[in-house]
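What follows is a single structure, written as structure tokens, with notes after it.
In what follows, residues are counted from 1 in the order of the sequence shown.
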Amino acid sequence: MKKITMGAVLFSMMFGGLHAQSLQSPDGKFEMNFQLKEGIPYYNLKYNGAVVVEDSKLGLRLFKDNSIQFASEITKSEDTKFDLNNGFTKTDEKRNSKDETWQPVLGEKKNYINHYNELALTLHQASSERNIVVKFRLFNDGLGFRYEFPQQKNLNYFVIREEDTEFDFPTDMKAWWMVADYDSQEYRYQETKISEIPGRWDKAFDANASQALVKNAVQSPLMLKKEGKNPLYVNVAEAAVLDYPASHLEVDAQDFKFKTHLTPDRQGAKGYIQTPSVTPWRTIIVSPKAEEVMDSKMIFNLNEPTKYTDTSYIHPTKYMGVWWEMIIGKSQWAYSTAENVHLDTTDFSKLTPNGKHAANNTKVKEYIDFAAENGFQGLLIEGWNIGWEDWFGHSKEYVFDFITPYPDFDIKMLNEYAHSKGIKLIMHHETSGSATNYERWSDKAFQLMNKYGYDAVKTGYVGDIIPRGEHHYSQWTINHFYRIAEKANEYKIMVNSHESVRPTGESRTYPNYVSAEAARGTEYEAFAGNNPDHQTILPFTRWMGGSMDYTPGIFQTKLDYYFPGDKRFVKTTLAKQLALYVTMYMPLQMAADLPENYKKHMDAFQFIKDVAADWDDTKILSAEPGDYVITARKAKGTEDWFVGGITDENKRDYTVDFSFLNKGEKYEATIYEDGKDADYINNPQSYNIYKKQITSKSKINFKMVRSGGFAVSVKPVK
């Protein structure tokens, strides 16, 4: 526990407590208090009377003269009199409340409830004659707050040096975290006490992901747990990160405190602002139940409704892809072994093929056939376009044109063939980090997609961002991601971005931005590997703000099947791969393995064929971050339910109570579970399938093996 001195108590009583502004949640369980202590703004948060967040500072630091020097000159600009974190008096107070229900275009439930009480405080800084507004919204599941900058004479254009929002916790909680990085979220999660984060930090990353690490800082969303007799789960994140950099959390391990650390450009500027403007919301979701934290939709509620006039083209899609065979090294994206190619001058038809190019007419037709035969709607094809011979490891800006296919990829013929089978091809636009080049080509690229009936694109941002000097999560690049979403909307195209910023609920505002990677997905099973607990943590962290393209469905988990002696393997059982389709929300839902592997297990593949990709209802039956997740979901527009359960490296039993089903009705449950001799290392493909008639009174016990799971398809008996 922290030491609290009598002086600190007296200070709080003298300068804060008498002038605090309080806000309660609609159900009365939460209380937020705001105070000015000698002109410095603080807030705290209580749940059922107990302190969750101690008095924590608010404010921002700005560069002098609303400008920024080059990096070597930055320290000369650090003049505290330009900061917006002290010298305030409160000049206005406004309260509001809202209780509404809205329907996401795609979502985990048909209806999202947005119910909050709001307090907006205008703070005046007399020394500079500037005003800011701190706005708080208190929901029944936690707190959101942000800074607002009204247009005014002395605060028009300004440059942010840092945001100093604090989250000061009273105890040393357990934390599930990954290292902060301006360019990558592809790390393994760590599980430690807050006080232990610095000691683990240097061992918490690998060379596959590291690009621009932030020492002793972690990424959000950050999941925390106060252990003991009355446990409490806390999630710290952000919402509506628009025209602003993504934030990280600096760790004060001694005082159990976190402070925002914004992603800069390489001059050191964190944000270029013109008023009127607002920051993203800082969010704190709290519950005594892990399931309720995971089920929270507060981050989405803090985003604005969409301004799109037509969302009819946005739909869930189940797809396969010419992808995994390149990830594991069986095939290649590039057409030839040529080096130093130039899109304007190289004649690709005269290059010698390498014999391993996956996106060729014959192979793509085979994938189309299999996808069509098994009820899929889409097929992703990577490596179809020229330029892959020389796409990475340099600062070349003009790498791809996004419209010119390789000689062995007949785009017209393949589209006609796919459409004849009821399949839409999914375009792949790897930018190699050259965002400026992609913006120049986006109209032509999307026009090509419209011409051939593509309605979804997977974008990629591997490598350093161009314009040079920007990071993946800096303000300019985040604006780029949403410029692309808006441009795609003009052409009625859905976006699935990889190597992009993590979503923070923006799918409410940009519903065609359907999914993103922005975390360590299945592909890392073929690189440095994912730990067995990885998929039990992601729903509490990365998934809090939006769908992830995790690309599950790998049946052939041992890669020595392709390459004798290869020690790489996917660290789950086959049954757990099935369960991921329920425990992870993916409206763009991929069956990632090769057709040849599904053909060997068509009985298990049936679950992937049957499972829905969008939902009318979701119930988190039981969950514990880092240990297990059990989820039930009701398919959109039907009475079909699907249940999935996964565990970490430990065996685990769980009994599903089907009381969520309609009373008095009969259902047929098809159960897919780990075999008795299954083991994710020694026997991952052992599974058992059986059918059983059930009702709302039924209970079924499942025995999950190490890194195993189960999946259940539940359909009404007609």
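- Residue Asn301 holds its CG atom at 11.5 Å from OG1 of Thr283, rounded to the nearest 0.5 Å.
- In summary, the side chains of Glu639 and Asn662 do present a donor paired with an acceptor at a separation below 3.5 Å, with no hydrogens or angles considered.
- The aromatic ring centres of Phe145 and Tyr43 sit less than 6.0 Å apart.
- Using modelled atom types and a 3.5 Å distance limit, the side chains of Glu186 and Tyr524 yield a donor-acceptor pair.
- For Ser500 and His498, the side-chain atoms include no donor-acceptor pair closer than 3.5 Å.
- Judged by distance alone, with hydrogens and angles left aside, the side-chain atoms of Gln377 form a donor-acceptor pair with the main-chain N or O of Lys318 at under 3.5 Å.
- Using a 4.0 Å cut-off between charged side-chain N and carboxylate O, Arg502 and Glu238 make a salt bridge.
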Exercise. Kindly determine whether Met584 and Thr631 satisfy side-chain contact (heavy atoms from CB on, under 4.5 Å), including the steps that lead there.
Key: CA-CA 9 Å; Met584 295 177 164; Thr631 304; over 6 Å; no
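- Residues Glu100 and Asn114 have side chains that bring a donor and an acceptor to within less than 3.5 angstrom of each other.
- Residues passing the side-chain contact (heavy atoms from CB on, under 4.5 Å) test with Asn111, sequence neighbours excluded: Thr101, Gln103.
- A donor-acceptor contact closer than 3.5 angstrom is absent between the side chains of Asn650 and Tyr628.
- Within the 4.5 Å cutoff, the side chain of Ile694 has heavy atoms near those of the Ile700 side chain.
- Side chains of Trp177 and Val179 form a contact here, defined as non-hydrogen atoms less than 4.5 Å apart.
- The environment of NZ in Lys600 is crowded: more than 12 heavy-atom neighbours from other residues, nucleotides or ligands sit within 6.0 Å.
- Between Lys226 and Asp172 no salt bridge is recorded (no basic side-chain N to carboxylate O distance below 4.0 Å).
- Taken from NE2 in His601 to CD1 in Ile608, the straight-line distance is 11.0 Å, to the nearest 0.5 Å.
- Centroid-to-centroid, the aromatic rings of Tyr654 and Phe702 stay 6.0 Å apart or farther.
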Output a table of donor-acceptor pairs, distance under 3.5 Å, between side-chain atoms of residues 710-718 and any protein atom two or more places apart or on a different chain; print 'none' if there are none.
{"residue": "Lys715", "atom": "NZ", "partner": "Asp640", "partner atom": "OD2", "Å": "3.3"}

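- With no hydrogens or angles considered, no side-chain donor-acceptor pair links Tyr473 and His248 at under 3.5 Å.
- Residues Leu621 and Asp657 have side chains not in contact (no heavy-atom distance under 4.5 Å, counting atoms from C-beta outward).
- Ring centers of Tyr187 and Tyr189: at least 6.0 Å apart, outside the cut-off.
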Exercise. Kindly determine whether Phe256 and Phe169 satisfy ring-ring contact (aromatic ring centres under 6.0 Å, His included), including the steps that lead there.
Key: CA-CA 6 Å; Phe256 322 134; Phe169 296 105; 9.4 Å; no
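- In this structure, the ring of Phe555 has its center less than 6.0 angstrom from the ring center of Tyr598.
- The environment of NZ in Lys110 is sparse: at most 12 heavy-atom neighbours from other residues, nucleotides or ligands sit within 6.0 Å.
- When side chains are defined from C-beta on, Asp653 counts as touching Asn701, because their heavy atoms get closer than 4.5 Å.
- The side-chain hydrogen bond (donor to acceptor under 3.5 Å, both in side chains) search around Ser707 returns Lys576, not counting sequence neighbours.
- A salt bridge does not link Arg508 with Glu304: every distance from a Lys NZ or Arg NE/NH1/NH2 to an Asp or Glu carboxylate oxygen is 4.0 Å or more.
- With sequence neighbours excluded, the residues that form a side-chain contact (heavy atoms from CB on, under 4.5 Å) with Ala519 are Leu538, Arg542, Met548.
- Between the side chains of Lys458 and Asn496, no donor N or O sits under 3.5 Å from an acceptor N or O.
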Quiz item: Is there a side-chain contact (heavy atoms from CB on, under 4.5 Å) between Met294 and Trp543 once you walk through the steps?
Solution: CA-CA 9 Å; Met294 186 172 152; Trp543 246 279; over 6 Å; no
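- Residues meeting the side-chain contact (heavy atoms from CB on, under 4.5 Å) test with Val705, sequence neighbours left out: Thr573, Asp674, Ala678.
- Side-chain contact between Thr260 and Arg282 is present, with at least one heavy-atom pair separated by less than 4.5 Å.
- No side-chain donor from either of Tyr667 and Gln693 sits under 3.5 Å from a side-chain acceptor of the other.
- Once rounded to the nearest 0.5 Å, the distance linking OG1 of Thr504 with CD1 of Ile299 reads 7.5 Å.
- Aromatic rings of Tyr672 and Phe607 (six-membered ring for Trp) have centroids within the 6.0 Å cut-off, being under it.
- Looking at Pro503 and Tyr513, their side chains never come closer than 4.5 Å, going by heavy atoms from C-beta outward.
- With no hydrogens or angles considered, a side-chain donor-acceptor pair links Arg520 and Asn530 at under 3.5 Å.
- Side-chain contact between Phe300 and Trp102: present, with at least one pair of heavy atoms (C-beta onward) separated by less than 4.5 Å.
- With no hydrogens or angles considered, a side-chain donor-acceptor pair links Asp593 and Asn597 at under 3.5 Å.
- The side-chain tip of Lys571 points at the ring of Phe569 from less than 6.0 angstrom away and within 45° of straight on.
- Side chain of Asn117 to main chain of Gln24: a donor-acceptor pair is present (N/O by atom type, distance under 3.5 Å, no hydrogens or angles).
- For Lys666 and Thr695, the side-chain atoms include no donor-acceptor pair closer than 3.5 Å.
- Listed by chain and number, the residues in a side-chain hydrogen bond (donor to acceptor under 3.5 Å, both in side chains) with Tyr233 are Lys225, Glu624 (sequence neighbours excluded).
- For Ile681, the CD1 atom counts as densely surrounded, since its 6.0 Å shell holds more than 12 non-hydrogen atoms of other residues, nucleotides or ligands.
- Salt-bridge check for Lys619 with Asp295: failed, with every basic side-chain N at 4.0 Å or more from each acidic carboxylate O.
- Between Glu227 and Lys174, at least one side-chain N (NZ, or NE/NH1/NH2) sits under 4.0 Å from a carboxylate O, which counts as a salt bridge.
- Side-chain atoms of Asp549 and Ser515 include no donor-acceptor pair closer than 3.5 Å.
- Between the side chain of Ser696 and the main chain of Ser659, no donor-acceptor pair closer than 3.5 Å is present.
- A donor and an acceptor atom, one from each side chain of Asn512 and Tyr308, are located under 3.5 Å apart.
- When side chains are defined from C-beta on, Val495 does not count as touching Tyr510, because their heavy atoms never get closer than 4.5 Å.
- Both the sub-6.0 Å distance and the 45° axial angle are not jointly satisfied by Arg633 relative to the ring of Trp641.
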Exercise. Show your working on side-chain contact (heavy atoms from CB on, under 4.5 Å) between His115 and Asn140 and close with a plain yes or no.
Key: CA-CA 7 Å; His115 191 192; Asn140 291 338; 4.1 Å; yes
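- One side chain, Asp614 or Tyr585, offers a donor N or O that lies under 3.5 Å from an acceptor on the other.
- When only modelled atom types and interatomic distance are considered, Glu108 and Trp615 share no side-chain donor-acceptor pair under 3.5 Å.
- Without hydrogens or angle criteria, Glu191 side chain to Trp176 main chain gives no donor-acceptor distance under 3.5 Å.
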